[in-house]
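Just the heavy atoms: all of them, side chains too, but no hydrogens, waters or symmetry mates, feed the values below. The sequence lines fix the lettering, A, B, ..., with proteins before strands; numbering per chain opens at 1.
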There are 2 protein chains.
Amino acid sequence: MSPRRSVADALGTRSAILGRSVAIASAEGLEGLTIGRLATELGMSKSGVLGHFGSKEALQLAVLDRAGEIFRTEVWEPVVAAAPGLVRLRALCEAWISYLERGVFPGGCFFVAAAHEFDGRPGPVRGAVEARFDTWRARLTKEAGRAVAAGDLPGSTDPDQLVFELLGLVMALNHAIQLHRDPRAATRARHAVRARLET
Amino acid sequence: MSPRRSVADALGTRSAILGRSVAIASAEGLEGLTIGRLATELGMSKSGVLGHFGSKEALQLAVLDRAGEIFRTEVWEPVVAAAPGLVRLRALCEAWISYLERGVFPGGCFFVAAAHEFDGRPGPVRGAVEARFDTWRARLTKEAGRAVAAGDLPGSTDPDQLVFELLGLVMALNHAIQLHRDPRAATRARHAVRARLET
DNA sequence: CCTACCGATCGGTAGG
DNA sequence: CCTACCGATCGGTAGG
């Protein structure tokens with residue numbers, strides 16, 4: 001029972017801070033996430049919270065990383081076993097829709113929300129959000145390209161165009177769930193994805 | 001030169017406040033719009049600003065109304081002359097895309113941004129945003145239904161499904177412009193709309 | 001429309 | 001990890 005906290009304790013505290021932060025930021029945004037509120041909800045002092053990150057911006061970047069791990073676990077990992085190309089592209093879309101339908105983040109897609117919050121504010125947070133979208137789009141585009149090369153999608157298909165349209169469908173789904181609480185939206189999204197990806 | 005401000009003066013001041021408010025809120029959100037900043041930029045006192053609306057929430061609702069007038073002028077009015085049905089639906093989509101391409105609001109679509117900012121915060125502002133989307137979708141759905149009835153779209157077309165997909169394309173465009181500054185996005189959106197609305 | 005003010009909260013720091 | 005504190009800013013009010 002040393003009065004000093006161990007490295008493991010410190011990592012546990014840091015992880016607990018990030019867990020609460022993701023929940024708060026999902027519902028109220030990365031700016032609505034305040035040090036004081038975090039400290040109160042975690043039973044800590046403000047300086048105790050801030051000491052793990054150094055600044056609010058560094059906390060926001062760490063929260064984006066944590067949210068990215070969750071996205072990877074929920075949407076990417078379940079799909080790596082699927083065959084590259086059209087099969088995997090369809091599986092990715094289904095995992096993506098399911099992630100929104102199940103409400104993995106209570107405020108909807110964490111990154112779509114962050115993109116809207118920060119697209120007009122230059123800085124590291126905006127850059128990190130944009131980089132995550134670039135990475136995600138590149139993964140989808142790669143699978144679309146493989147599907148075209150394999151003859152599973154028409155040879156005239158532009159992978160970038162296709163991914164643009166798929167992203168739109170998912171954004172429409174996110175919007176319908178979060179603003180309108182429309183229970184038919186997931187069915188609509190699946191229907192549209194199926195139509196767009198049929199051979 | 002009466003020391004008392006006339007009703008016309010007061011309305012002019014109110015209009016000036018709303019003009020600045022729309023510009024600020026478009027870039028930084030309806031919460032980023034603060035009374036103090038507004039007062040500084042307009043060379044007024046905070047209480048002078050607040051006196052026109054009574055509360056920040058009432059100001060936010062008035063700003064949504066003003067933004068709605070701009071949307072109507074830019075997207076709806078240019079199109080009322082078009083023939084009802086498929087012709088008008090296509091014209092609406094083109095006006096909608098053009099509104100984003102021209103950057104009518106510097107922060108992209110005012111209502112998509114407001115939807116993301118308020119979808120997790122119950123209250124009158126959230127309600128006003130949702131009502132605006134309901135109205136806009138109803139207009140699009142009506143034209144889609146007319147197009148189906150006239151035989152200009154396949155009889156199997158579900159107008160609600162179609163409008164869901166069109167909204168997604170516009171949201172993907174908004175996202176590509178605001179986050180990625182992608183100059184090809186408007187072309188992609190037009191291409192997808194054309195493909196979806198061809199007979 | 002103004003000045004002057006309220007309590008609350010913000011991110012962050014000093015010092016331990 | 002804490003207490004105690006900083007200057008700035010928030011929405012809003014009193015009183016004129």
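Side chain A/S47 to base C/dT13: no donor-acceptor pair is found below 3.5 Å. A donor and an acceptor atom never sit less than 3.5 Å apart when one is taken from the side chain of A/K56 and the other from the base of C/dG12.
Atom CG in B/L50 sits about 8 Å away from atom P in D/dT13, given to the nearest Å. For A/Q60 and C/dC10, the CD to P distance is 14 Å, given to the nearest whole Å. The separation between A/L30 atom CG and C/dG11 atom C1' is 16 Å, rounded to whole Å. Separating the CG atom of B/L38 from the P atom of D/dG12 is a distance of 13 Å, rounded to the nearest angstrom. C/dC1 atom P lies 7 Å from atom CD1 of B/I17, rounded to whole Å. With rounding to whole Å, A/R37 atom CZ is found 20 Å from D/dC10 atom P. Taking atom CD on A/E41 and atom C1' on C/dT9, their separation rounds to 15 Å, with Å as the unit. In this structure, A/K46 atom NZ and C/dT9 atom P are separated by 11 Å, rounded to whole Å.
In the model, B/T141 has no side-chain atom that pairs as donor or acceptor with a side-chain atom of B/R137 under 3.5 Å.
Residues A/W136 and A/F71 bring their aromatic ring centres within 6.0 Å. Centroid-to-centroid, the aromatic rings of B/H175 and A/H116 stay 6.0 Å apart or farther.
A salt bridge links B/R146 and B/E143; the closest N-O separation between the charged side-chain nitrogens and carboxylate oxygens is under 4.0 Å. The pair A/R90-A/E94 does not count as a salt bridge, with every side-chain nitrogen at least 4.0 angstrom from each carboxylate oxygen. No salt bridge links A/R184 with B/D160; every basic N to acidic carboxylate O contact stays at or beyond 4.0 Å. Electrostatic pairing of B/R37 and B/E28 counts as a salt bridge here, judged by a charged N lying under 4.0 Å from a carboxylate O.
With C/dT13, C/dC1, D/dC10 as the choices, the nucleotide that has an atom nearest any side-chain atom of B/T34 turns out to be D/dC10. The side chain of A/M44 sits closest to D/dC1 out of D/dC1, C/dC1, C/dG12. Among the nucleotides C/dC1, C/dG12, D/dC10, the one closest to any side-chain atom of B/T13 is C/dC1. Of the candidate nucleotides D/dT3, D/dC10, C/dC2, C/dC2 has the atom nearest to the side chain of B/S45.
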| task | Convert the base pairs of DNA chain D into dot-bracket notation, remembering that pairs crossing earlier ones are written with [ ] and that bases paired across to another strand are shown as |; include only Watson-Crick or G-U pairs under 3.5 Å. | result | ||||||||||||||||
